[in-house]
Structures are given as structure tokens and as C-alpha cells.
Amino acid sequence: AKWVNSIFPCRPGGKLPATAHGNHDATIDAAQIRQWERRHADRKIGLSCTGMLVLDFDPAGLSYPDDAGKRQGIISTGSLPQRTPRGGYHLIFAVPDGHHWKNSVDLLPPGVDTRTSGAFILLAPSVVGDNPCHWLRPLVSKAELPPRPGWLVEALDDLGGRQGLSSGNGRRPSTRLWLQSDSLRLARLKYHLAATTGGTARSVNMACKPERQKPHLSKHPARIGKG
């Protein structure tokens, strides 16, 4: 198949890249993609989100936005919807000139993440567990992506302000994540790190592992182990 947006292979059984540099290896080069297809027959497909905005809805975020008119506004843009394995959606838009948004987890409302430059999503026909991704409309090139509704641009600019990023000034500070201690949040953090850094399984797990404390050494070695 001819790809109009940059892709790369991801590992079966998870959402981590199968290439050395992850998202940074994404390409539309047909020869490279054919080579990956031969080498990674059971691969998943990762789409680089550079130059686009993806709203990643988990089932908990499907009521966003609360206003019915705004929800209809998203539908009327013709945004490309992809159904995700967990029963949510990806909505894909073009990024307007002069705006530099950051990737985020649960910072619009809970259950809605943003994916943009430096991040990736899985594409159909990728399967997670027994559940596939599938498109509700055909994928198009970045140049053909629909614009975002004005209220969404304002919401993302406001989110950028809360992340310490002023719209249009070109500054790109590191992403702030609001974390919870439960296992689901840790899993989402690991995926966020993989999606935004292209990290390997080992590097992502190491990034999420608490620093090991060095043992306290007594100033009197002869007393170690004695009561």
C-alpha cells in the first residue's frame, strides 16, 4: 500500500516501537516500508503525529465537550475518526500556523489526551489484545486534514498556558504530566513516554522506576551486623 503519512513498525503485544529510533524513523519511503513489512510480519503500524493534532479519546472522555453544539462542530469538520481498541476514538486535525501545542495526558478533561509533534498513535489494522483499530473514514495526507473548530484552538491554547507554553512564541518546554499512583496511570505514562520519545521497552521502564536508594554505610565497619 502507498502511505501518504509517515509510519513505522511497532512491536506485537504492546505499543512500543520496533525500530531503533522509534517515531524518528517514521517515513513514507515505499522501499523502507516494504523492508519493514518483510522483517516485521506481525507488526503494528505507528503513525507519526508531527505536523498534525490527534485528540485521543478513551471511553471515559467520550462526553467531551459537554456542549452538544461543540460536539456537532467537531463532527461537521470532517475530522478523520479512527476507532481505538479500547472503544475510544482518534480524531485527527491539521495544526494552524503560529500554534505550538504539546502532548498531554488527561489535561483537557480526564480521558482525553493530545498527540502532536514528537508523538505517535497506532493505526488500523493494528490489534491490541484481541481488539483492532479501524478507520471510520479513509486516512488522508496532512495537507488534506480538516481545520479545528475555533473553540478547540482556544482550549488548546489555554492548555498550553497551563503547561507553561505561550501560543505562537515557538518555545517548547518539556511536557508536564499530572500523575496518579494507580497502575492504570503508570501504564498510561509508559505509553505516553513511548509515544513522545520513541523509547524502547527498557528505557521506558527505567524512566518509570523509582531511583534505588544507596544503602547507608556505617562509619564503623566492624559494627555492621552486630547488635
Side-chain angles (χ1 to χ4, degrees), residues 10 14-16 23 46-47 49 52-77 79-93 95-96 99-124 126 128-129 131-136 146 148-167 172-197 199 204-205 207-210:
C10 290
K15 297 180 179 178
L16 292 175
N23 189 35
L47 170 71
C49 297
M52 59 182 69
L53 169 73
V54 178
L55 293 185
D56 183 356
F57 290 81
D58 278 347
L62 292 180
S63 62
Y64 177 81
D66 295 334
D67 183 273
K70 290 181 178 179
R71 283 201 301 274
Q72 183 59 39
I74 287 182
I75 296 171
S76 66
T77 64
S79 172
L80 298 175
Q82 177 180 234
R83 188 76 183 227
T84 66
R86 294 185 59 204
Y89 290 93
H90 291 141
L91 296 180
I92 305 179
F93 297 96
V95 175
H99 291 263
H100 303 289
W101 297 319
K102 299 298 291 183
N103 303 297
S104 69
V105 175
D106 284 351
L107 293 186
L108 279 175
V112 181
D113 303 340
T114 60
R115 299 276 180 260
T116 184
S117 294
F120 71 91
I121 59 171
L122 293 182
L123 286 188
S126 300
V128 178
N131 302 312
C133 303
H134 64 270
W135 288 107
L136 303 182
R148 309 102 341 253
W151 67 264
L152 180 58
V153 173
E154 293 179 4
L156 291 168
D157 286 346
D158 178 67
L159 173 59
R162 287 187 276 137
Q163 291 176 297
L165 177 65
S166 296
S167 174
R172 294 171 179 258
S174 60
T175 304
R176 275 179 61 197
L177 297 177
W178 295 92
L179 304 178
Q180 298 175 3
S181 60
D182 58 278
S183 59
L184 176 60
R185 181 67 62 225
L186 179 59
R188 286 168 63 79
L189 171 60
K190 287 184 178 182
Y191 173 50
H192 177 78
L193 289 173
T196 56
T197 66
V204 169
N205 283 326
C208 295
K209 187 178 294 184

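Not measured: the values here are computed from a predicted model. The residues of the chain are indexed from 1 along the displayed sequence.
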### Task
Please confirm whether the backbone N or O of G118 pairs with a side-chain atom of N23, one donor and one acceptor, at under 3.5 Å?
yes
### Query
Side chain of Q82, backbone of C133: donor and acceptor closer than 3.5 Å?
no
### Query
Which pair of heavy atoms, one from G111 and one from D106, lies closest together, and at what distance?
N-OD1, 2.8 Å
### Message
Strictly distance-based, threshold 3.5 Å: is any side-chain N or O of D56 a donor or acceptor partner for the main-chain N or O of T114?
### Response
no
### Query
Taking atom CG of L107 and atom CG of L156, what is their separation to the nearest 0.5 Å?
11.0 Å
### Message
Restricting to side chain to side chain contact (heavy atoms under 4.5 Å, CB included), what partner residues turn up for V95, sequence neighbours left out?
### Response
L53, W101, T116
### Query
If every non-hydrogen atom of P81 is compared with every non-hydrogen atom of W135, which pair is closest and at what distance?
O-CE3, 3.5 Å
### Query
Which heavy atom of N103 sits nearest a heavy atom of A119, and at what distance?
OD1-CB, 3.3 Å
Side chains of residues 68-76: which donor-acceptor pairs under 3.5 Å do they make with residues two or more places apart or in other chains?
unit_1: R71; atom_1: NH1; unit_2: S63; atom_2: O; d: 3.4
unit_1: R71; atom_1: NH1; unit_2: P65; atom_2: O; d: 2.7
unit_1: R71; atom_1: NH1; unit_2: D66; atom_2: O; d: 3.2
unit_1: S76; atom_1: OG; unit_2: Q72; atom_2: O; d: 3.4
unit_1: S76; atom_1: OG; unit_2: G73; atom_2: O; d: 2.9

### Residues which pass side chain to side chain contact (heavy atoms under 4.5 Å, CB included) with P109, listed by chain and number, not counting sequence neighbours
Y64, V112
### Message
Can you give me the closest heavy-atom contact between P59 and R86, atom names plus distance?
### Response
CG-O, 3.2 Å
### Task
Please name the residue in the list L47, T84, L55 that meets the side chain to side chain contact (heavy atoms under 4.5 Å, CB included) test with H90.
T84
### Task
Would you please test H99 and V153 for side chain to side chain contact (heavy atoms under 4.5 Å, CB included) and show each step?
CA-CA 9 Å; H99 291 263; V153 173; 3.6 Å; yes
### Message
I'd like to check the side-chain hydrogen bond (donor to acceptor under 3.5 Å, both in side chains) partners of Y89; sequence neighbours left out, ordered by chain and number.
### Response
R83
### Query
Can you tell if the side chain of L91 reaches within under 4.5 Å of the side chain of T77, non-hydrogen atoms only?
no
### Query
Which heavy atom in C49 sits nearest to a heavy atom in V54, and how many Å separate them?
SG-CG2, 3.8 Å
### Query
Taking all atoms of both residues into account, what is the closest heavy-atom pair of F93 and P149, and its distance?
CE2-CD, 4.2 Å
